[in-house]
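Down below is the structure, laid out as structure tokens.
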2 protein chains.
Amino acid sequence: MPTTLQDVAREAGVSAATASRALTGGTVSPSTRDAVRAVAERLGYRPNRAARGLITGRAGALGLVVPDLTNPFFADVAKGVAARARAADLPVFVTDTDEEAGLEVEAVASLRRGTDGLLLCSPRASDAALLDVADRATTVLLHRRVDGLPSVVADLADGTRQAVEHLRALGHRRIVYVPGRPSSWAGAQRDLGLAAATADGGVEVVRCPAVAPTFAGGVQAADLVLADGATAVLAYNDLVAVGLLTRAAARGVRVPDDLSVVGHDDTVATMGHPALTTVAVPQRRAGATAVDLLLRLVAAARASAAEPPCDTELTLPTHLVVRASTAEPARRRRP
Amino acid sequence: MPTTLQDVAREAGVSAATASRALTGGTVSPSTRDAVRAVAERLGYRPNRAARGLITGRAGALGLVVPDLTNPFFADVAKGVAARARAADLPVFVTDTDEEAGLEVEAVASLRRGTDGLLLCSPRASDAALLDVADRATTVLLHRRVDGLPSVVADLADGTRQAVEHLRALGHRRIVYVPGRPSSWAGAQRDLGLAAATADGGVEVVRCPAVAPTFAGGVQAADLVLADGATAVLAYNDLVAVGLLTRAAARGVRVPDDLSVVGHDDTVATMGHPALTTVAVPQRRAGATAVDLLLRLVAAARASAAEPPCDTELTLPTHLVVRASTAEPARRRRP
DNA sequence: TTGAAAGCGCTAACAT
DNA sequence: ATGTTAGCGCTTTCAA
């Protein structure tokens with residue numbers, strides 16, 4: 001049986017209320033405060049969050065929903081969230097939804113009651129479902145934006161634009177883009193970037209069929225890309241890009257001499273050979289930032305402030321990291 | 001304000017007690033049971049876990065402590081845990097301890113109260129600290145064994161033995177082993193495997209200084225390994241092995257021709273070039289198995305059975321996966 | 001089969 | 001500055 005506040009109070013010779021005040025920073029004389037704290041320490045007292053939550057109305061916990069923990073992108077996000085939440089002394093429930101829209105919604109429903117707020121990486125759920133969720137719980141969207149909902153995203157469109165312009169500057173004129181699963185917010189941002197970068201001509205971007213955003217997806221896409229004859233390829237993420245690299249090497253295609261490859265996210269970019277030029281996204285910082293925003297929203301909701309306390313749609317910058325997988329097209333054929 | 005049991009009871013025209021029984025499977029007439037359930041469904045009722053926990057004494061949640069979520073090994077473990085816990089309708093608190101022993105202990109202390117049981121991947125904490133923890137909370141150790149505590153591990157010693165014998169069979173006589181951080185359980189298991197495989201001679205294993213179990217650690221270790229002149233290297237894990245591969249390639253050392261490389265864990269083994277021969281460890285299954293065991297222990301603890309309900313020290317098999325990073329030594333020099 | 005009442009551990013009025 | 005009291009939402013005796 002764990003130590004309760006009663007135990008501490010009895011041992012310290014005060015009432016439970018006083019013990020509570022001493023521990024949580026209420027109005028108590030310094031001497032009793034120290035005495036109670038000493039006893040609590042000695043007894044290894046840990047407050048029962050459930051009981052506290054029952055009365056304060058706050059659960060003292062956060063919830064995080066991600067599509068796939070084994071995707072290094074989301075692992076990084078989770079790490080950023082966990083670090084910041086720990087700093088705020090809030091435990092976090094983590095749910096992995098296996099990239100299924102149904103599970104995303106289900107996870108939110110089951111987490112809502114036990115948490116003060118939810119952090120959602122929900123690439124699959126519909127906007128409507130998200131709006132509905134946000135209506136019932138304090139929510140911050142991560143790496144997705146829905147009008148009117150608090151969110152923290154990275155400027156993916158600009159990252160893609162930077163990537164295309166890098167390739168164009170190198171002299172590439174035809175680029176294959178390998179998309180991830182269709183109709184995701186992140187995919188739409190990439191499209192925006194593509195459109196922006198190709199608007200004034202000089203470079204053509206063709207889309208290959210979408211593949212899973214995994215290493216295997218990249219392997220699968222490689223043959224399609226090579227069949228096209230383009231001199232450069234832009235992958236949905238680093239996992240796909242490394243898959244591309246692997247299959248290209250197996251087929252005797254040299255990177256970057258025969259083909260330039262650009263990844264996205266800067267997760268496993270240095271693991272393949274050659275090291276990938278990629279769009280760096282501050283996942284971990286996004287996770288931490290999202291926790292900060294969520295905490296502010298939770299506080300505002302408690303104070304029943306009608307208006308959100310600050311800007312609630314945050315965009316973090318992205319930047320291209322140039323490594324060894326991109327070069328001028330057909331470099332080797334030059335004198 | 002979320003729907004409470006009171007709301008459901010009132011709407012269904014029964015008492016809260018009856019509503020509770022109807023929902024949790026107590027003794028009620030089929031008709032009222034269905035009626036109450038229909039109302040609950042219609043109102044979107046979700047029980048308040050905190051309130052329930054207060055009275056039942058069970059929190060209705062599990063806790064998981066891992067050293068690093070961005071290490072694919074632990075990401076896989078977490079995924080296995082999350083999947084099984086979801087099947088049991090139990091949310092799980094996930095804590096990332098940044099590979100710090102102090103945080104591991106701290107995390108356990110703060111999670112203990114809010115959970116029914118803890119899953120611990122704690123490579124850094126001392127045995128004594130773990131024993132102390134297990135004294136106060138239902139606990140299952142993951143990928144670590146401490147005498148007398150429930151645990152789920154993989155047979156790492158046997159995996160290492162298989163790796164060494166593979167290299168010996170290929171003709172290697174001198175192998176460098178790159179350890180991870182010293183004095184971990186996993187490290188000790190590797191040593192056992194090394195000892196077993198070298199007992200009857202024919203092959204010599206030399207240790208290089210320990211490095212961080214990361215890609216960067218592998219890059220760092222590479223030069224030490226190459227200076228040794230051994231024909232094969234056994235890395236602490238795949239991350240280290242891929243780092244080794246990358247640095248070896250940069251220095252013009254060809255794998256497997258000049259150097260054979262064996263990884264461990266089968267996490268990022270196919271991402272580098274060439275694909276790694278590695279020891280496959282069933283991380284995900286271990287996570288799921290650990291949840292099963294923990295649930296059984298929790299149930300037993302509640303029934304105040306003095307004896308554990310089953311075997312509580314589980315070992316999962318490992319096996320070597322041979323890919324392209326190992327070959328006979330100095331193959332190229334042969335006719 | 002159902003309802004009334006008690007109480008889990010804690011905090012927030014209110015009283016002192 | 002401190003104690004007393006009430007009650008958060010739920011389950012579980014105990015009666016009916």
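So that the names make sense, note that chain A is the first sequence line, chain B the second, and so on, each numbered from 1. These numbers were taken from a predicted model, which means no experiment stands behind them.
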Do any side-chain atoms of residues 129-143 of chain A form donor-acceptor pairs under 3.5 angstrom with protein atoms, and if so which ones, sequence neighbours left out?
{"residue": "A:Asp132", "atom": "OD1", "partner": "A:Arg136", "partner atom": "NH2", "Å": "3.4"}
{"residue": "A:Thr139", "atom": "OG1", "partner": "A:Ala137", "partner atom": "O", "Å": "2.9"}

### Task
Classify the side-chain pair B:Arg86/A:Ser110 by whether it contains a donor and acceptor separated by less than 3.5 Å.
no

## Note on the structure
Across all chains, not counting sequence neighbours, the side chain to side chain donor-acceptor pair (under 3.5 Å) partners of A:Ser29 are A:Ser31, A:Thr32

### Message
Run the side-chain contact (heavy atoms from CB on, under 4.5 Å) test against A:Ala88 and tell me which residues pass, sequence neighbours left out.
### Response
A:Leu90, A:Leu295

## Note on the structure
Given protein heavy atoms under 4.0 Å, the one-letter contact record of nucleotides 8-16 of chain D, with B base, S sugar-phosphate only and - none, is simply BBSBBB---

### Task
Could you tell me whether a side-chain N or O of A:Arg124 sits under 3.5 Å from a main-chain N or O of A:Leu103, the two making a donor and an acceptor?
no

### Query
Just checking A:Ser29: base, sugar-phosphate only, or nothing, at a heavy-atom cut-off of under 4.0 Å?
sugar-phosphate

### Query
Can B:Arg37 and B:Asp34 be counted as an ion pair, charged N to O under 4.0 angstrom?
no

Identify all side-chain donor-acceptor contacts of residues 50-58 of chain B below 3.5 Å with residues at least two apart in sequence or on another chain.
{"residue": "B:Thr56", "atom": "OG1", "partner": "B:Arg52", "partner atom": "O", "Å": "3.0"}
{"residue": "B:Thr56", "atom": "OG1", "partner": "B:Arg58", "partner atom": "N", "Å": "3.3"}

### Task
Under 4.0 Å from any heavy atom of chain B: name the first and the last nucleotide of DNA chain C that qualifies, 5' to 3'.
C:dT1 to C:dG9

### Query
Strictly by modelled atom types, are A:Thr312 and A:Arg296 linked by a side-chain donor-acceptor pair under 3.5 Å?
no

